[in-house]
2 protein chains.
Amino acid sequence: MSQRSRQIPEATVARLPVYLRSLAELVDEKTSTVSSERLAEMAGVNAAKVRKDLSYLGSYGTRGVGYDVEYLLFQMSRELGLTHDWPVAIVGAGNLGSALANYGGFTQRGFPVVAMFDSDRQKVDNLIHGVRVFHTDDLASTASKLGVGIGVIATPASAAQDAADKLVAGGVGSILNFAPTVISVPEGVSLRKVDLALELQILSFYQEHRESSE
Amino acid sequence: MSQRSRQIPEATVARLPVYLRSLAELVDEKTSTVSSERLAEMAGVNAAKVRKDLSYLGSYGTRGVGYDVEYLLFQMSRELGLTHDWPVAIVGAGNLGSALANYGGFTQRGFPVVAMFDSDRQKVDNLIHGVRVFHTDDLASTASKLGVGIGVIATPASAAQDAADKLVAGGVGSILNFAPTVISVPEGVSLRKVDLALELQILSFYQEHRESSE
DNA sequence: GTGATCTTGTGAATACAAGCACTAGCGTCG
DNA sequence: CGACGCTAGTGCTTGTATTCACAAGATCAC
Ligand SMILES: NC(=O)c1ccc[n+]([C@@H]2O[C@H](COP(=O)([O-])OP(=O)(O)OC[C@H]3O[C@@H](n4cnc5c(N)ncnc54)[C@H](O)[C@@H]3O)[C@@H](O)[C@H]2O)c1
Ligand SMILES: NC(=O)c1ccc[n+]([C@@H]2O[C@H](COP(=O)([O-])OP(=O)(O)OC[C@H]3O[C@@H](n4cnc5c(N)ncnc54)[C@H](O)[C@@H]3O)[C@@H](O)[C@H]2O)c1
C-alpha cells in the first residue's frame with residue numbers, strides 16, 4: 001500500500017494549475033480560507049467540479065468552513081511536482097525560441113531554461129538571455145548531461161519530429177511542441193502542443209457559424 | 001429548413017484544423033484521394049474517429065475508394081469559415097504581441113493583423129511589421145471600424161479582462177488570450193486561451209508521477 | 001446542549017466522447 | 001456479369017467527464 005493509486009482524471013489535471021494560480025492570488029491578498037464557490041468563480045468553472053477535483057488530492061477541506069489556502073496550495077504544488085525545478089531545453093533558436101528564452105515567466109515558475117539547440121552553426125555558442133545555444137548534433141548528450149526534464153520544440157514544422165526524437169534519445173520525458181505539425185513520441189513520454197493557427201481556425205469556425213445564424 | 005442544424009461536437013471541431021493541415025500536405029504531394037486510415041495516421045488519431053468526424057460535414061467520401069483530397073479540403077475550409085479572411089487585432093504591443101505581429105504564419109493562413117493596441121503612449125503610432133499601434137482608448141471604435149473579428153490579448157494578466165471588455169465593446173466575437181489569467185466574456189463570444197505556464201505544469205505533473213513510480 | 005447555517009465530499013444521474021464492429025456501396029477483375 | 005476486395009458511414013457499447021443533490025461534519029449563537 002505504498003502507492004496511493006488514486007488515478008487523477010486528465011481533465012482534472014489540466015485544471016489544477018488554474019486553481020493553483022487562483023490560490024497564489026489569494027495568498028497575495030492574505031486570504032486564509034476559501035470556499036469551493038469562491039475558487040470556482042476565480043477559476044471560471046462550477047463549484048461542484050472544484051470540489052470533485054480537489055477531492056482527488058485528498059480531503060483537505062473543512063466542512064462548513066472551506067479550504068485552508070496555504071495548505072491547499074502546498075498540497076497542490078506537491079502533487080503537480082512543483083516543489084522542485086524542472087530544467088527546460090528549447091530546440092530552435094529562432095524568433096519564437098528566443099522570445100521564450102527571454103521570457104522571465106518560465107524560470108520564475110520553476111522551469112529554468114538550461115540550454116537551447118539549433119542546427120544553424122551561426123547560432124551555436126551564442127548566448128540568448130544568458131542561455132547557451134548548442135548544436136543539435138549534441139542534443140541528446142547535452143540534454144542528458146544537464147538533466148533536462150522538459151523539451152520545448154520551436155523549430156520549423158519539418159524539423160519537429162527530428163527534434164522530438166533527439167529529445168527522447170536524451171532522456172527527456174515531456175515535450176511541448178509549438179511547431180504546427182503532428183509529432184509522435186514513444187509511450188511513456190508526455191506530449192502537449194500549442195498551435196496558434198489551430199486556435200484561430202477553431203475560433204473562425206464558431207464565429208462563422210454564429211454569424212450565419214444571425 | 002434553411003438551417004442544417006447538424007450540430008458538430010466540440011471535440012470534432014478541435015480536430016478539423018488538424019485534418020485540414022494534413023489535407024494541405026496531401027495536395028502538396030499531389031495525392032488526389034486519401035483513405036480514412038491514411039488521414040488518421042497523419043493526424044495522429046484513429047480511423048473510426050476520422051470517419052465519424054468527417055461524416056458531420058456530410059458524406060463526401062466514396063466507399064471502396066476514400067475521400068477526394070481537394071474536394072474535402074474545400075468543404076472543410078468552407079465549414080471552418082476559411083474561405084474569407086478574418087481581420088485580427090492584437091492588444092499589447094510588448095514582446096509577445098510584437099512577435100506575433102512579425103510572424104507571417106497568421107496572414108498567410110487568412111488571419112491578417114490589421115491593428116495593434118497598447119496603453120503605453122510611447123508605443124502608439126509605431127509601426128510593427130507594418131501594423132499600426134493605436135491607443136487602447138480607441139480600441140472599441142477602431143476595432144469596430146476595421147471590422148475586427150478576432151482579438152488576441154497579449155497584455156500583462158492584470159490588464160487582460162479590461163482588454164477583453166474593450167474588444168467585446170468593439171464587436172469582436174472571438175478572443176484568444178495569452179495572458180495567464182481567467183477572463184470572462186458575455187455569452188455569444190468565443191474564448192480560447194494559450195497558457196504556457198499551465199502547459200508546463202501539466203507536463204510536470206505527469207513527469208513527477210512517472211518518475212515516482214519507476 | 002440544541003438548533004440554525006455553512007460548506008465539503010460523494011453517490012447517482014446525465015451528458016459527451018471514443019471506439020468497435022458491422023453494413024452498405026463502389027470498383028475491378030476474371 | 002457476378003463475386004470479391006476495399007473503404008465509407010453508422011448503430012451500439014463502453015468509457016470518461018460533468019453536474020446535481022443531499023448527507024455528514026463543522027461552527028456559531030444563545
Ligand atoms: N514566431 C511566432 O510568433 C510563431 C507563432 C506560432 C507558431 N510558430 C511556430 O514556431 C516555430 C518556430 O517559429 P520561428 O518564428 O521561431 O521560426 P524561425 O525560422 O525564426 O526559427 C526556427 C529556428 O529553428 C532552427 N532550425 C531549423 N531546423 C532545425 C533543426 N533540424 N534542428 C534544430 N533547429 C532547427 C532554425 O535555424 C531557426 O533558428 C515554427 O514551427 C512556427 O510555425 C511561431
Ligand atoms: N513573452 C513571452 O514569451 C510570453 C510567453 C508566455 C506568456 N506571455 C504572456 O503574454 C503577456 C504579454 O507578455 P510580454 O512578454 O509581451 O509582456 P510585455 O511587458 O513585453 O508587453 C506587455 C504590453 O502590454 C501593454 N499594456 C499594459 N497594460 C495594458 C493595457 N491596459 N491595455 C493595453 N496594453 C497594455 C504594455 O504597454 C506592453 O507593451 C503576458 O501576460 C505574459 O505573461 C508571454
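In what follows, chains are A, B, ... by sequence order, proteins preceding strands, each numbered from 1. Since this is a predicted model, take the numbers as computed values, not measurements.
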*Nearest-Å distance for atom pair CZ/C1', residues A:Arg63 and D:dC28*: 18 Å

*asked:* Between A:Thr31 and A:Arg38, do the side chains contain a donor N or O and an acceptor N or O under 3.5 Å apart?
replied: no

*asked:* Does atom CD (B:Gln161) have a neighbourhood of more than 12 heavy atoms from anything else shown, all under 6.0 Å?
replied: yes

*Taking only side-chain nitrogens and oxygens of A:Tyr67, does any of them come within less than 4.0 Å of OP1 or OP2 of D:dA26?*
no

*Give me the ring orientation class for A:Tyr60 and A:Tyr71: parallel if the planes are under 30° apart, tilted from 30 to 60°, perpendicular past 60°.*
perpendicular

*asked:* So if I take every side-chain heavy atom of B:Ala11 and compare against C:dA17, C:dC26, D:dA26, which nucleotide ends up nearest?
replied: C:dA17

*Just to confirm, is there a sub-4.0 Å distance from OP1 or OP2 of D:dA8 to any side-chain nitrogen or oxygen of B:Ser36?*
yes

*In whole angstroms, how far is the C1' atom of C:dC20 from the NZ atom of B:Lys52?*
10 Å

*Might you work through the side-chain contact (heavy atoms from CB on, under 4.5 Å) test for B:Leu200 and A:Arg109, ending with a clear yes or no?*
CA-CA 9 Å; B:Leu200 291 175; A:Arg109 286 167 206 259; over 6 Å; no

*Whole Å only: how far is the CG atom of A:Asn46 from the P atom of C:dT8?*
13 Å

*Say whether, by atom type as modelled, one donor and one acceptor occur between the side chain of A:Ser141 and the main chain of A:Asp138 under 3.5 angstrom.*
yes

*Considering only heavy atoms, which members of residues 13-35 of chain B lie under 4.0 Å from some atom of DNA chain C?*
B:Arg15

*When the nearest nucleotide of DNA chain D is assigned to B:Gly64 and to B:Ser59 on a heavy-atom basis, which residue is associated with the more 5' position?*
B:Gly64

*What's the NZ-P distance between A:Lys49 and C:dT10, to the nearest Å?*
19 Å

*Over how many whole Å does the gap from B:Tyr71 atom OH to D:dA8 atom C1' extend?*
15 Å

*asked:* By nearest heavy atom, map B:Leu54 and A:Val65 onto DNA chain D; which one lands nearer the 5' end?
replied: B:Leu54

*Would you mind reading off the distance between B:Glu37 atom CD and C:dC20 atom C1', rounded to a whole angstrom?*
14 Å

*Can you check whether B:Gly110's main-chain N or O pairs, donor with acceptor, with B:His84's side chain at less than 3.5 Å?*
no

*Could you state the CZ-C1' distance from A:Arg38 to C:dT8, rounded to the nearest angstrom?*
18 Å

*Please say whether more than 12 non-hydrogen atoms of neighbouring residues, nucleotides or ligands are located less than 6.0 Å from NZ in B:Lys166.*
yes

*When we call it a touch if two heavy atoms are under 4.0 Å apart, what does B:Ala48 touch: a base, just sugar-phosphate, or nothing?*
base

*Could you state the CG-P distance from A:Leu57 to C:dT10, rounded to the nearest angstrom?*
12 Å

_By the 4.0 Å heavy-atom rule, please label B:Gly61 as base, sugar-phosphate, or nothing._
sugar-phosphate

